[in-house]
Amino acid sequence: MSALLRLNFVTLPLAVAAIYVAVILMVLPAFLSQGNLVLISYYTALLVPCVIGTYLLILLGLFDLSLGANAALAAVICAKAMSAGVPVSISILLAVAAGGLGGIASWILVAVFRIPALIGTLITMSALRGLALLVTSGRVIGGVPQSLTDRVLGGSGHLVNPILFALVLLLSIEFLSRRHRLFRRLYHAGSNPGAAASNGINVTGLKCVAFTMAGIGAATVGVMQTARTQSASPLAFPELALESIAACIIGGMSLSGGRGAATGCVLGMLILVSSRNIVALAGVDVYWEDLAIALVLLVAVLLGVVRKWRSA
Amino acid sequence: MAKGVHVTAAKDALGHLIVRNLVKSYQTTVALDNVSLETDSSEVVAIAGGNGAGKSTMLKVISGTIAPDSGFVEFEGCRLQPGHVSDARSHGIAMVFQDGALCADASVLENLFLGAEPVTPLGFLRLGRMRQLAMEMIERYQLPIPRLDAQVKDLSGGQQKAVALGRALLYKPRLLLLDEPTSALGVREQNTIITNLLTLSEQGVGILLCTHSPDEILAAAKRVVVLRRGRLMTDASVDGLSRSDLAVMMSGNA
């Protein structure tokens, strides 16, 4: 019975993967063109701050479903402030601060009141989305001045600001996660919260740091999106939180916490963005995108299972 | 809370522990019921009793891992802040937890310094310093700890216990609290740990040892304190006691 189950679990995705690879090979020249690679890197870079935030949360065995709503609210705040004539840097600061506060709200529910993350962050998700809809009366805010776009998305050649920012962020996090006490403690508290607490580590405080940084990361994504489209929708980013979690899982993180690396998570997001891109390049119906994502996730999880078998 | 109120001359008080009227209860059970105890430096005191007798709770209160409902702990004439691990550590009290309180995914080196890493002013780990301190400690106490870079999950049970003990020793404690340090170990590994404890005691370290094994009490301790349902029942010298005497004292079936 279990052998049959195992067979199905392996053979079925393999067959689908074979078709997938065939599709990739067909569109490979277009996929590998310089313009397309830059595009993929660019779209991934725009999401990196949120992926890094989710990585910090997953290290502690947590996640925040409200990150998408958080990004939308930040985008709206930034757009509204800009339209009202607030200077660029102050508008960005306001949006990012709101993102941090949103993260702290999740932290209060999950870490202080000890509501499970699934429920607690669902509450903040609804609250933040509701706020975004309220302040905009449900309408898209347009006509965001060019100055925001110039400031946020400027840069020269292919190394535009978002890509540069994503690279610097990733390298810093990689370095900090090896050498800095705060980041090492995120790993320790995620690996064994009881042991960390017994040794005097403030686990609740660490959760506050992770939730706040994730909120700030999501808000940064919101600001960059506003700069890119020069508008902000209160309904934007419906899938940001879940896709960030998916990216981390593809990147080899364990939802129980304590393991994983930021680079893997960013590569995970690169794979997700590439999958959508490949479906688009193949010229098939856009509705295939989600199936492609499902396949990528399934393969990632199965690889994780195989790895566990091997090490056991 | 006034930190460091000296009530006795420091020299007389070295390694002297006073536990006074500790009470700690969880929702429905009383874990410690008005427990008082005094111990001196280089004394090995076994805290014996069955499951749920309050042994672990007592050590956790002394080490600052949990705060008591009432009562206090005084070490070397200083009243300790209740529920404050780092305060107890800075006064020279370190604890080895029953499960080791180890992070399986982290290296031996990181586990040794868990919660007390030496860092630069900006919070970066001083890895060289950590390595040096760890090597010195392992050398000094001859602990069976393999490579510092090994992950704790790859170590044997005895090696993991050694890492947990090594972490406590890094603080150069004058009072060492051990919660079932030899449980789930083979006989040889048990003997290694006991030998380490006796050496520490000779060097002037006071030891409180939680255990339910009469053999361990006879091998390591000079004095035995028996807890039953949170109450201190017996406080006696181990001299002249037999295995069965101890078993009777612990079970309460005289």
Side-chain angles (χ1 to χ4, degrees), chain A residues 55-56 58-62 114 171-210 213 248 251-262 264 304 307-312, chain B residues 56 59-61 63-67 81 83-90 93-130 149 151-154 160 163-164 167-168 170-171 177 179:
Chain A
Y55 148 80
L56 296 175
I58 293 185
L59 272 185
L60 289 172
L62 295 167
R114 294 172 190 252
L171 287 175
S172 322
I173 293 286
E174 275 294 336
F175 178 68
L176 290 170
S177 71
R178 272 153 235 259
R179 287 298 176 85
H180 197 275
R181 179 173 61 182
L182 176 70
F183 287 80
R184 291 313 304 160
R185 285 186 172 181
L186 288 174
Y187 278 87
H188 299 151
S191 169
N192 188 346
S198 297
N199 284 288
I201 293 176
N202 181 354
V203 179
T204 312
L206 286 175
K207 287 178 180 175
C208 184
V209 172
M213 301 237 250
C248 293
M253 293 203 72
S254 148
L255 271 183
S256 51
R259 267 175 295 162
R307 202 168 42 188
K308 220 175 242 174
W309 282 344
R310 283 216 178 138
S311 66
Chain B
S56 292
L59 289 198
K60 284 179 181 165
V61 169
S63 68
T65 315
I66 55 177
Q81 289 183 54
H84 205 295
V85 177
S86 357
D87 185 51
R89 275 179 179 169
S90 67
I93 299 179
M95 169 148 178
V96 181
F97 293 89
Q98 182 170 9
D99 64 357
L102 300 170
C103 290
D105 295 313
S107 69
V108 169
L109 186 66
E110 288 199 308
N111 268 286
L112 285 174
F113 288 92
L114 194 65
E117 306 86 345
V119 289
T120 65
L122 285 176
F124 288 98
L125 299 180
R126 296 174 61 196
L127 288 172
R129 174 111 183 105
M130 285 165 69
D149 297 313
Q151 289 209 312
V152 160
K153 65 179 166 210
D154 298 329
Q160 294 192 0
V163 173
R167 175 198 289 153
L170 273 172
Y171 300 109
L177 313 171
D179 195 354

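Because only heavy atoms are used, hydrogens play no part in the values below, and waters and symmetry mates are left out as well, while side chains stay in.
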If one checks every heavy atom of B/Ile66 against chain A at 4.5 Å, the contacting part turns out to be neither
When you compare the side chain of A/Leu176 with that of B/Phe124, does any pair of heavy atoms fall below 4.5 Å? yes
For B/Ser86, is it the side chain, the backbone, both, or neither that has a heavy atom closer than 4.5 Å to a heavy atom of chain A? neither
Applying a strict 4.5 Å limit to non-hydrogen atoms, the region of B/Phe97 in contact with chain A is side chain
In terms of heavy-atom pairs under 4.5 Å with chain B, which of A/Arg185, A/Arg178, A/His180 leads? A/His180
Would you say A/Ile173 and A/Phe183 make side-chain contact, with heavy atoms under 4.5 Å? yes
Verify, without hydrogens or angle tests, whether A/Asn199 (side chain) and B/Gly115 (backbone) share a donor-acceptor contact under 3.5 angstrom. no
What pairs of donor and acceptor atoms, side-chain ones from residues 201-209 of chain A against any protein atom, are under 3.5 angstrom apart with sequence neighbours left out?
unit_1, atom_1, unit_2, atom_2, d
A/Asn202, OD1, A/Thr204, N, 3.4
A/Asn202, OD1, A/Gly205, N, 2.9

Neighbours of chain A found in residues 103-110 of chain B - heavy atoms under 4.5 Å: B/Cys103, B/Ala104, B/Asp105, B/Ala106, B/Glu110
Going from CG on A/Leu59 to CE on A/Met253, what distance comes out if it is rounded to the nearest 0.5 angstrom? 4.0 Å
side-chain contact (heavy atoms from CB on, under 4.5 Å) between A/Arg181 and B/Thr120: does it pass, once the steps are laid out? CA-CA 10 Å; A/Arg181 179 173 61 182; B/Thr120 65; over 6 Å; no
Distance from A/Leu60 atom CG to A/Tyr187 atom OH, nearest 0.5 Å? 10.5 Å
Any side-chain to backbone donor/acceptor pair from A/Arg184 onto B/Leu125? Under 3.5 Å, distance only. no
Where on B/Arg167 is there a heavy atom nearer than 4.5 Å to chain A: the side chain, the backbone, both, or neither? side chain
Side chains of B/Asp87 and B/Ser90: does their closest heavy-atom pair fall under 4.5 Å? yes
Is it the side chain or the backbone of B/Leu114 that comes within 4.5 Å of chain A heavy atoms, both, or neither? both
